[in-house]
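Reading through the structure tokens given below for one structure.
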Amino acid sequence: MSVERLSPCKVNLCLNVLGPRPDGYHNLETLMHPLALSDRLECERTGTRVVLTCTRSDLPVDSSNLVVRAANAFRDEAGLTDGIRMHLDKQVPMAAGLGGGSGNAAAALLALNELFGFPLSPQQLARLAAQLGSDVPFFLQSKPALATGRGEIIEPLDWFQALEGAWMLLVHPGFGISTAWAYQSLERFPEALHGQPGRAQRFVESLQSRTLDEASADFYNSFEGPVFEKHPILALYKEFLRESGANAALMSGSGSAVFALTTSQEAARALRDRFLARFGTSPWTEMLPVGPSCL
Ligand code: C5P
């Protein structure tokens, strides 16, 4: 028997870092939105060990991989010694601020729980997810959510009125960014390191009651300062997208992906054509619908 699961990615529509914590992490408030762009994970009970294979040869498949760590944590928590073979079909760019690895870990927990007859409760899964990484708990559910704490406290939200019928153009420069580096770099950007609490909640209310254009000035990401300083091409992408018809544009997570929102598929297509004409075909691009029907 095997279980297969899609592993969607996310963007952060707002990411407000609030300050460092004694445990080395940072408190933050972020509005995370799931996207239809997904990896695919297949899990099977076989053998005696945990084995992972992947379509991307540059992704380690040893115990440094979050999927392997999730499977080991699942076996320990459920008191199982059965072997597990997993195969990951990778579509989401890596180290892109799209939560690909975190989503894969959550997909592994959910798939394995199904494969073994649901031995773990939702609470146990949430605890394991938070131990695996700050972004992993978000991916145990599939709606937009406000995340607080170090990102592991999740409040699921309804789909936003301002994004009804909207389309997203995602662009990626072909290089990744280390999240740990991005957090360290905030030390040189004191205002971004100590964001004003309440910004993400106000942005949620704005997306619930206003149009995309009215909410567009409130898209915010604390990491744009340090990341754009080191990688000015990403600032150019964002500026170009804004000037070329996007209703909003922002870097996602700690980068390197940048997203643009438009109010129609045609507008997203026209924006992609302009982007490719300006930056050539080496950046990766993807067009996606946004909203309840996207997953
Ligand atoms: O939780 P996760 O393992 O994904 O975090 C990766 C790194 O990002 C951490 O080791 C830490 O340096 C940084 N981080 C942080 N504050 C957060 C989330 C992550 O400082 N809220």
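Both ligands and their constituent atoms are indexed starting at 1 by order of listing. Bear in mind the structure is a predicted one, so any value in this text is a computation, not a measurement.
With respect to atom 5 (O) of ligand 1, the closest heavy atom belonging to the protein is Y25 CE2, 4.1 Å. In terms of protein heavy atoms, atom 3 (O) of ligand 1 is closest to G133 CA, 4.2 Å. From the protein, the heavy atom lying nearest to atom 19 (C) of ligand 1 is Y183 CE1, 3.5 Å. Closest protein heavy atom to atom 16 (N) of ligand 1: H26 N, 2.9 Å. In terms of protein heavy-atom proximity, atom 18 (C) of ligand 1 is nearest to S134 OG, 3.5 Å.
Remark: H172 NE2 to S282 OG distance equals 12.0 Å, nearest 0.5 Å. Here the straight-line distance linking atom CZ of F139 with atom CG of L109 works out to 13.0 Å at 0.5 Å rounding.
At a 4.0 Å cut-off, at least one heavy atom of T179 sits close enough to ligand 1 to count as contact. In this structure, G24 is part of the shell of residues with a heavy atom less than 4.0 angstrom from ligand 1.
Ring centers of F203 and Y220: at least 6.0 Å apart, outside the cut-off.
Scored by the salt bridge (Lys or Arg N to Asp or Glu O under 4.0 Å) test, D82 finds R45 as partners (sequence neighbours excluded).
In the vicinity of L28, heavy-atom distances shorter than 4.0 Å reach the ligand 1 atoms 21 (N).
Evaluated for a side chain to side chain donor-acceptor pair (under 3.5 Å) with N12, the options N221, D135, T30 yield exactly one hit, T30.
Between I177 and H231, some side-chain heavy-atom pair lies under the 4.5 Å cut-off.
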